[in-house]
Amino acid sequence: MSSALSGKKIILSITGSIAAYKAASLCRLFIKAGAEVKVVMTKAACDFISPLTLSTLSQHPVQTSVSSEEGWNNHVELGLWADAMVLAPLTATSLGKLANGIADNMVAAVYLSARCPVFFAPAMDVDMWHHPSTQGNVQQLQSYGNHLIPVGHGELASGLVGAGRMAEPEAIVDHLADFFAAQQSLAGKHVIITAGPTYEPIDPVRFIGNRSSGKMGMALAEEASSRGAKVTLILGPSALSTTDTRVDIQRVGTAQEMFEAAKAAYGSADVAILAAAVADYRPATVAEHKIKKNADTYAIELVKTPDIAAELGKLKTKDQINIGFALETQDGPTNAEAKLEKKNFDFIVLNSLQDPGAGFQHDTNKITILHAKSTPSKGNKIKKFELKSKVAVAKDIVDELEAVLTGKE
Ligand code: C5P
């Protein structure tokens, strides 16, 4: 698993609002996204949710006061440790304290010591939210460079309906993921990826398919997303999913559906990675009802499916990069070279079914990258890689993509 939050160190600061119960799922979502979380809470927050819940989820002790029986809790160290501080929920009282530098609890002390970006998700009743003092404090915090995660509108604990609900945990995680993604090497790039097999129906229950798992394409999607790219993953029938909420997965069934989704996304794409094992042929007609086994032999007429890679190759502009895959059982480099030219790829990733551990369904892959002669400074370049996990292979491929992008800029 990989996301823009992977490896990030986050301080989650909880203050005394009924929305504090949502901090438990927020903590879990951060950890699921690959972050490390340390929790600090005000005394008032402990009335709404137990520190034990948060220490269990975060697997770190929770600090609720500047000093304890063991001694002084080092807020400075914590403030320097973090890549981000998230105040969620932030009450009107705590907001007022932070806006005015009143450090009479651990949350405020850590806040004043933090050098990392700070995000705050207020939570309060509608009239408290609209009060000029609250709005003034929000502006004050923003003027220090802190990031407001806007409140939601809806039912409030008081029974009133209006603005003031804490943003949902998923929205808070997305907010931070977008923030970190914007600072990364593929920020601002739109990468579309086709992955998995396609299923071409014969009748309502049968299809022509292949053994592709989609693992390589999924690893590429997560890697590109973790480097800040906007990723559209066009995925054929596959059981895979991702916890990276920034990856937009469009699920398709047939080659024709994959082609239509890829063509629609390609207009805004900077990069297309064609990792799908697309069926080359489909039945000319699909039987309306399940075919009975009356005849001793049964012939199915097949017609060609669209070649997605070749079609996108025709549409490719000088600013776009297309990357293909070749899975070969014989004459790998020669066949890959031919596909590279024919489909107008910038480079092609060759994996051979003759290499143990490479190809469909394995968690490992062994690749060779062949560059197009036209790619600046890359002409004829062939790079061989060792057998690695598909996650590590995805890093190698995205490194190669970054090098080509740099060459074009
Ligand atoms: O099937 P073939 O070996 O020609 O595949 C080479 C490349 O072309 C792969 O990147 C594959 O995803 C792509 N392709 C495609 N549409 C097809 C067939 C292949 O996008 N119908």
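Along the sequence shown, the residues carry numbers beginning at 1. All ligand and atom numbering here is 1-based and tracks the order in the structure.
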Closest protein heavy atom to [atom], given as residue, atom name and distance to 0.1 Å:
| atom | value |
| --- | --- |
| atom 13 (C) of ligand 1 | A309 CB, 3.6 Å |
| atom 16 (N) of ligand 1 | I308 N, 3.0 Å |
| atom 1 (O) of ligand 1 | D280 OD1, 4.0 Å |
| atom 17 (C) of ligand 1 | V278 CB, 3.5 Å |

* Asked: Is the closest heavy-atom distance from A276 to ligand 1 below 4.0 Å?
  ->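 Distance cut 4.0 Å: A276 passes for ligand 1.
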
So F120 and H147, ring-ring contact (aromatic ring centres under 6.0 Å, His included) or not? Walk me through it.
CA-CA 6 Å; F120 63 106; H147 306 269; 8.9 Å; no

Check this for me: does any side-chain nitrogen of one of [X] and [Y] sit under 4.0 Å from a carboxylate oxygen of the other?
| X | Y | answer |
| --- | --- | --- |
| E311 | K314 | yes |
| E168 | K22 | yes |
| D280 | K304 | no |
| E400 | K383 | yes |
| K388 | D396 | yes |

List ligand 1 atoms under 4.0 Å from [X], heavy atoms only on the residue side.
| X | value |
| --- | --- |
| G324 | 10 (O) |
| F325 | 5 (O), 6 (C), 7 (C), 9 (C), 10 (O) |
| L274 | 9 (C), 10 (O), 11 (C), 12 (O) |

inquiry  = Given the ring of F345, does K339 sit roughly above its face, with NZ or CZ under 6.0 Å from the centre of the six-membered ring and within 45° of the axis?
reply    =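 Relative to the ring axis of F345, which defines the angle, K339 lies outside at least one limit.
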
| Would you say R227 and K395 make side-chain contact, with heavy atoms under 4.5 Å? |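 Yes. Closest side-chain heavy atoms under 4.5 Å.
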
(message) Is the contact between L327 and ligand 1 made by the side chain, the backbone, both, or neither, using heavy atoms and a 4.0 Å cut-off?
(response)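 It is neither part, as no heavy atom is under 4.0 Å.
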
Any heavy atom of P306 under 4.0 Å from ligand 1? The part involved is backbone

Under 3.5 Å between any N/O of [X] and any N/O of ligand 1: does that happen in this structure?
| X | answer |
| --- | --- |
| K343 | yes |
| A277 | no |
| K339 | yes |

Requested in this report: Start with the C-alpha distance between D174 and R246, add both sets of side-chain angles, then the distance that settles salt bridge (Lys or Arg N to Asp or Glu O under 4.0 Å), and finish with yes or no.
Outcome: CA-CA 7 Å; D174 284 351; R246 296 185 67 258; over 6 Å; no

